Asker: 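Handing you this structure, nothing more for now.
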Amino acid sequence: MIRLNSKIPDGPLARKWTSYKASVKLVNPANKKKIDIIVVGTGLSGASAASSLGELGYNVKVFCYQDSPRRAHSVAAQGGINAAKNYQNDGDSVYRLFYDMIKGGDFRAREANVYRAAEVSNQVIDHFTAIGVPFARDYGGTLDTRSFGGVQVSRTFYAKGQTGQQCLLGCYSSLNRQIKKGTVKMFPRREMLDLVVIDGRARGIITRNLVTGEIERHSAHAVVLATGGYGTIYYLSTLAVNSNASAAWKAHKKGACFANPSFVQIHPTCVPQLNEFQSKLTLMSESLRNDGRVWVPRTKGDKRPANDIPEEERDYYLERRYPAYGNLVPRDVGSRAAKERCDAGYGVGDTGLAVYLDFRDAINKQGKKAIESKYGNLFELYKTITGKDPYEEPMMIYPAGHYTMGGLWVDYELMTTIPGLYAIGESNFSDHGANRLGASSLMQAAGDGYFILPVTINNYLADQIRVPKIPTDSPEFEEAEKSARERLAKLISIKGKQTASSFHKRLGKIMWDYCGMTRNEEGLKKALVLVKELKKEFWSDLNVPGTINELNQELEKAGRVADYFELAELLITDAIERKESCGAHFREEYQTPDGEALRNDKEFAYVAVWEYAGEGKPHILHKEELKFEEVEMKERSYK
Amino acid sequence: MKLTLKIWRQKDARAKGSFVTYHMDNVSPEMSFLEMMDALNKKLVEEDKDPVAFDHDCREGICGSCGMYINGHPHGPVPGVTTCHLSMRYFNDGDTIWVEPWRAKPFPVIRDLIVDRSAFDKIQVAGGFISVNAGAAPEANSIPVRKKNADEAFDSAICIGCGACVAACKNASAMLFVSAKISQFALLPQGRVEAKDRVRAMVEKMDELGFGNCSNTGACEAACPKKIKLTNIARLNREYYKAY
Amino acid sequence: MNKILFSSISKKFVMALAGLFLIVFLPVHLSINLMLLKPDPEPFNRAAHFMATFPLVKIVEVILILAILVHISWGIYLQIQNWLARPQGYVVKIKTRTSFFSRFMIWTGASVLTFLIIHFTNFYFIRLGLVEGNPENFYGVAHSLFKIPAYNYIYLVCFILLGLHLYHAFSSAFQTLGLNHRLWTPVVKVVALIYAIVIPLGFAVISITIWQFR
């Protein structure tokens, strides 16, 4: 039975991090050389953590499934990265950034962690600038910012629509520097198959070389997971198609608790599904809603081309339902409203799962040039994907799974419930509560990797300096490798008829229909049954051609989908258990008379922390009560 | 649409590869090229045959994983897009499409259409960074950068490292790739400190890995899905001369 | 030191410098050749004699020979490396849009080399006494050569190929030397085009005039 200890330092909120740093244990440079650390994942958090730990002098081994660390999906983040620099003199501060995040997360995040994330945000910007990230600048040569995600200050630093790419390449460059120095060793095209726990401590991982199929053992004094989110559980999402939860899930099954799995952000403005083979939904920056009007036809199943539908037969449903905010309602409201119209049969496009985002009026009013200067690259992207010109006809958009606020539970030191196992970036349940604000994921991931983990990990490693290099021939490694091999062999031996992707797609559909933007108890319970049935079918009718000992992409997919079946059950269970609506988790039973989320602070102001109890046994729920010392829990109102 | 695909199949690095012909019915013009490949692979797996291996990940043109040489064009015939963004509406019913892996000595084939591009990482490891430790950075606004330079540095920095420049160059030269990184840092005051060591190290590594020499044909620029400019190569040359 | 001299960029640098030197030399050569059009052989022979004996020109001549040798040998060296960089080619030839003539530099260069060998046999080696002929009357040698139709055909084909070589070479040399400018590079390209037409045309006009009208 696990006992949760969030290890929040004493003292006033604003002093916690400072006093923690002042009292944390240190490891002297000579001893650091003797300590090995494994980092899994090379996105913003993984690459920054690995390079920083290398800079400190630890021996770091880094793993990623892609052919190069530069391809991790942080690369696709568009909008920007927040920091409380107050360069605009608009009254911003660390406290304000903290408050926006805690409120944006609908009061389901840990106060001390969120405050710290806001606190290190400025250091992150300084560091990125120093290592050559080409952020946008003003004519005077200083950094430019823009406002983002409905906050009242301008605190988002950006590099056009490719901020994630530029920040990731920055982290990749610091990683390269350490690789050259020899402090970091890079292992690309490796998939983590299991975590090795020895005497209750994380001591290594089992990996598969994705080129040769070789199963490898790697040991270390500590293991850091930076493996991202699980948004591809919906099959179609804004994530990279190979993004997966397997590493985190394997750690979970070895004792790391999983927190708030049902908190998944659905982004309202994505290019909708165009064909049944579609593998991916591409995000269109939500800034488009500043000038675009969202509508559907007034008549059900109206198949006329958008431009042939006269004004009086259009239903500008956001403007109708939310006259105060109109098209600028928050993400979750916009997503739910689109779903409501499409479910009612008013959706457009071949699938009926899309709504129009129309720039006709804006173009008429401001001229094509003005619209082009604001959104030219996005219009271009839309045209590349769909072949349709948004200057001539309205865009079609639909919500898509985007970011997972849930993840491995970590304490203030970012350590999971397994001593020596850390989770950073999107892979932990982190600082975003039940809903993430725009431009805060890059901020948190880089903050974790550059400035938080390299401090907190010392506290654990200080006690490890007398532990010699961990041998990889212990029974624990033996056993972990054996079970990993058996599982791969099992997947290959089914020899059924269906592909892993086709199962993934069906799983995604169940999750999307019953555990997506809105949820209700009946649907969730039905989903649980459906997932279990599908899982059974998976294990009896999957086909994976080829062998284990070669490059086998079907085998990779199959392993990931198999884990998703298990995670799906937990995600649904968590959604059933949380009998309130908060942030991205909207339970239809719990809403205000006008359809807004109805939080229940009395009973649910906690982090749901799930412990794995063994194959076939129900998960054990632990609750980390959320205490708010500094802020008062309020209703998020947009009307 | 009905299509005939001629795809390079090669079991592993040592095996001798060959083209295999596949026939695809019911290709929707709304599919992307990779989705068409997914459909082919689904068919193959259902027939218990080995699917075609290819690299891909983000499927939104930014990670740089995908890359196929399609009918004589890296990333296909449409300029400015990656393979994952190449729409099937640019092909016609009855077309025969030849799909080959990137070809270059430093990019050996791993399997089918997957090549090993770690040479690019090695070049970046040689010097593609600014040596500042976490925690050592000065206040961000203490280093002013002329807007024009910052914008130009950004335009060079958007390289996705896909390798299309090498694939398109008749000499398999990596100059556009290297010059993009060199330019990004050369244009920023932060990067100037190490400019000389960086350009020497990166060019030396590039040569050592067996890439060809630049003969200013401009194929790289034309094939680049991110439209990285040839002017970067001139800047790389300049930076190189300045380093001695 | 080896790394510096033999890096890909340094090799290209040397190629470009040598090439630019040859580009400067060609108009000088052409201006002397224009004297072939005069009915009086004296001015041409005097110019040829001057070029053969004046000490300063002697020095330049050494540089010129070096430039030619370096340009050729480096060119072949680079080309071999380029071929080795793609041991297995594509089945469908690369269709990516490129500056067209840049693809054939080794071949246009090779044909120019063939011509140079013939040219040297006819003139330079005479002067050195390696080949028979009258070094005091190059005017006469030239005129008699241009009366041979086959010689003219070879001469003309080679100069067309030289033009193609020069067209890419001219602007490419600037790019290699790192001189690429938003405003000036387009100008260089136009100059390159003019140069690549005018120089070969000049030589061709001389040979055709002598062949047909003298």
Side-chain angles (χ1 to χ4, degrees), chain A residues 52 55 66-68 70-71 73 75-76 85 87 125-127 129-132 134 136-143 159-160 162 165-166 169 172-174 176-177 179-180 188 211 240-242 274-275 277-280 282 384-385 387 450-451 454 497 499 501-502 543 545-546 550-551 553-554, chain B residues 12 28 30-31 34-35 38-39 42 45-46 48-51 53 55-60 62-65 81 85 87 89 110-111 114 116-118 120-121 124-126 128-134 136-141 143-147 150 153-154 157-158 161 184-185 188 190-191:
Chain A
S52 308
E55 285 162 14
Q66 297 92 342
D67 70 322
S68 162
R70 66 178 295 155
R71 315 223 189 271
H73 201 58
V75 82
K85 283 281 192 187
Y87 282 161
I125 296 300
D126 292 342
H127 186 64
T129 306
I131 61 171
R137 290 186 182 257
D138 217 334
Y139 285 96
T142 55
L143 291 166
K160 290 203 181 148
Q162 279 148 267
Q165 184 202 21
Q166 293 311 314
L169 293 182
Y172 167 68
S173 74
S174 5
N176 284 334
R177 178 170 159 243
I179 293 172
K180 188 179 186 185
V211 175
V241 296
N242 298 312
L274 297 170
N275 69 79
F277 275 99
Q278 190 146 338
S279 51
K280 156 88 188 183
T282 301
T384 301
I385 298 168
Y450 275 125
F451 297 109
K497 285 264 164 281
T499 65
S501 293
S502 65
N543 187 25
E550 62 179 326
L551 190 149
Q553 293 179 317
E554 286 301 309
Chain B
D12 55 45
S28 151
E30 278 167 343
M31 285 177 172
L34 295 189
E35 283 158 8
D38 289 341
K42 181 168 188 281
V45 174
E46 282 165 358
D48 203 26
K49 292 180 184 148
D50 271 338
D55 265 329
H56 64 105
D57 202 18
C58 79
R59 301 224 176 176
E60 52 180 298
I62 194 77
C63 75
S65 294
V81 301
H85 264 172
S87 170
R89 62 178 169 271
I110 290 176
R111 186 182 177 117
I114 298 181
D116 179 357
R117 285 169 293 191
S118 57
F120 269 9
D121 290 312
Q124 301 281 29
V125 165
F129 49 75
I130 292 173
S131 302
V132 176
N133 281 2
E139 212 301 314
N141 264 348
I143 321 162
V145 182
R146 192 179 169 208
K147 181 171 164 52
F154 172 85
I158 57 173
Q184 178 196 343
F185 289 149
L188 298 171
Q190 302 94 300

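In what follows, chains carry the letters A, B, and so on, assigned in the order in which the sequence lines appear, proteins first and then strands, with residues in each chain numbered from 1. Treat the numbers as computed from the prediction; the structure is a model and nothing was measured.
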Asker: Grab the two heavy atoms, one from B/Ile130 and one from A/Arg177, that are nearest each other, plus how far apart they are.
Answerer: O-CD, 4.2 Å

Asker: So what's closer than 4.5 Å to chain B heavy atoms on A/Ser501: side chain, backbone, both or neither?
Answerer: neither

Asker: Give the member of B/Asp38, B/Asp55, B/Leu188 that has the highest number of heavy-atom pairs under 4.5 Å with chain A.
Answerer: B/Asp55

Asker: I'd like to know which of A/Gly546, A/Ala136, A/Ser174, A/Ser173 tops the heavy-atom pair count under 4.5 Å against chain B.
Answerer: A/Ser173

Asker: Indicate whether the side chain of A/Thr142 and that of B/Asn141 have a donor and an acceptor atom separated by less than 3.5 Å.
Answerer: no

Asker: Name the region of B/Glu139, side chain, backbone, both or neither, that has any atom closer than 4.5 Å to a heavy atom of chain A.
Answerer: both

Asker: Quick check: closest heavy atoms across B/Ala140 and A/Tyr87, and the distance to 0.1 Å?
Answerer: CB-OH, 3.6 Å

Asker: Would you mind telling me which of A/Thr282, A/Leu143, A/Leu169 has the largest number of heavy-atom pairs within less than 4.5 Å of chain B?
Answerer: A/Leu143

Asker: Name the region of B/Phe154, side chain, backbone, both or neither, that has any atom closer than 4.5 Å to a heavy atom of chain A.
Answerer: both

Asker: Has A/Arg137 got a side-chain atom pairing as donor or acceptor with B/Ala150's backbone, closer than 3.5 angstrom?
Answerer: no

Asker: Restricting to non-hydrogen atoms, name the atom on A/Thr384 and the atom on B/Ser87 that form the minimum distance, rounded to 0.1 Å.
Answerer: O-CB, 4.5 Å

Asker: Can you tell me which portion of A/His127 sits under 4.5 Å from chain B's heavy atoms? Options are side chain, backbone, both or neither.
Answerer: both

Asker: Got a second to check how far B/Leu34's CG is from A/Phe277's CZ, nearest 0.5 Å?
Answerer: 13.5 Å

Asker: What part of B/Ala126 is in contact with chain A, defined as an atom under 4.5 angstrom from a non-hydrogen atom: side chain, backbone, both or neither?
Answerer: backbone

Asker: Would you say the side-chain atoms of A/Asp67 pair up with the backbone N or O of B/Asp116, donor to acceptor, closer than 3.5 Å?
Answerer: no

Asker: Side chain, backbone, both or neither: which part of A/Phe451 has an atom under 4.5 Å from a heavy atom of chain B?
Answerer: side chain

Asker: Is it the backbone or the side chain of A/Glu554 that comes under 4.5 Å from a heavy atom of chain B, or both, or neither?
Answerer: side chain

Asker: Looking at NE2 of A/His73 and SG of B/Cys58, how far apart are the two atoms once the value is rounded to the nearest 0.5 Å?
Answerer: 6.5 Å

Asker: Applying side-chain contact (heavy atoms from CB on, under 4.5 Å) to B/Phe120 and A/Arg70, what does each step give before you reach the verdict?
Answerer: CA-CA 11 Å; B/Phe120 269 9; A/Arg70 66 178 295 155; 5.7 Å; no

Asker: State whether the side chain of B/Lys147 and the backbone N or O of A/Asp138 hold a donor-acceptor pair below 3.5 Å, judged by distance alone.
Answerer: no

Asker: Select, from B/Asp57, B/Asp48, B/Ile62, the one with the greatest count of heavy-atom pairs under 4.5 Å involving chain A.
Answerer: B/Asp57

Asker: Do A/Arg71 side-chain atoms and B/Gly161 backbone N/O form a donor-acceptor pair below 3.5 Å?
Answerer: yes

Asker: Just so I understand: if I count every heavy-atom pair under 4.5 Å between each of A/Thr499, A/Ile385, A/Asn242 and chain B, which residue has the most?
Answerer: A/Asn242

Asker: Any idea which heavy atoms bring B/Asp121 and A/Ser68 closest together, and the distance?
Answerer: OD1-OG, 2.8 Å

Asker: So which atom in A/Ala130 and which in B/Gln190 form the shortest heavy-atom distance, rounded to 0.1 Å?
Answerer: O-CB, 3.6 Å

Asker: Between chain B and each of A/Leu551, A/Leu274, A/Ile179, count heavy-atom pairs under 4.5 Å; write down the option with the most.
Answerer: A/Leu551

Asker: Among B/His56, B/Glu60, B/Glu35, find the one that has a side-chain hydrogen bond (donor to acceptor under 3.5 Å, both in side chains) with A/Lys280.
Answerer: B/Glu60

Asker: Side chain from CB out, backbone as N, CA, C, O: work out which of these in B/Arg89 comes under 4.5 Å of a heavy atom of chain A, or both, or neither.
Answerer: side chain

Asker: Enter the distance from B/Arg59:CZ to A/Gln278:CD here, rounded to the nearest 0.5 Å.
Answerer: 10.0 Å

Asker: With a 3.5 Å distance limit and no angle check, can you tell me whether A/Asn543 reaches the backbone of B/Val45 through a side-chain donor-acceptor pair?
Answerer: yes

Asker: Sort out for me which of B/Ala136, B/Gly64, B/Ser28, B/Pro51 touches chain A most, counting heavy-atom pairs under 4.5 Å.
Answerer: B/Gly64

Asker: If only atom types and distance count, is the side chain of A/Gln165 paired as donor or acceptor with the main-chain N or O of B/Ile158 below 3.5 Å?
Answerer: yes

Asker: When you measure from the side chain of A/Gln66 to the backbone N and O of B/Ser65, does any donor-acceptor pair fall under 3.5 Å?
Answerer: no

Asker: Which of the residues B/Arg146, B/His85, B/Glu46, B/Lys49 is involved in the greatest number of heavy-atom pairs with chain A at under 4.5 angstrom?
Answerer: B/His85

Asker: Are any non-hydrogen side-chain atoms of A/Ser502 and B/Lys42 less than 4.5 angstrom apart?
Answerer: yes

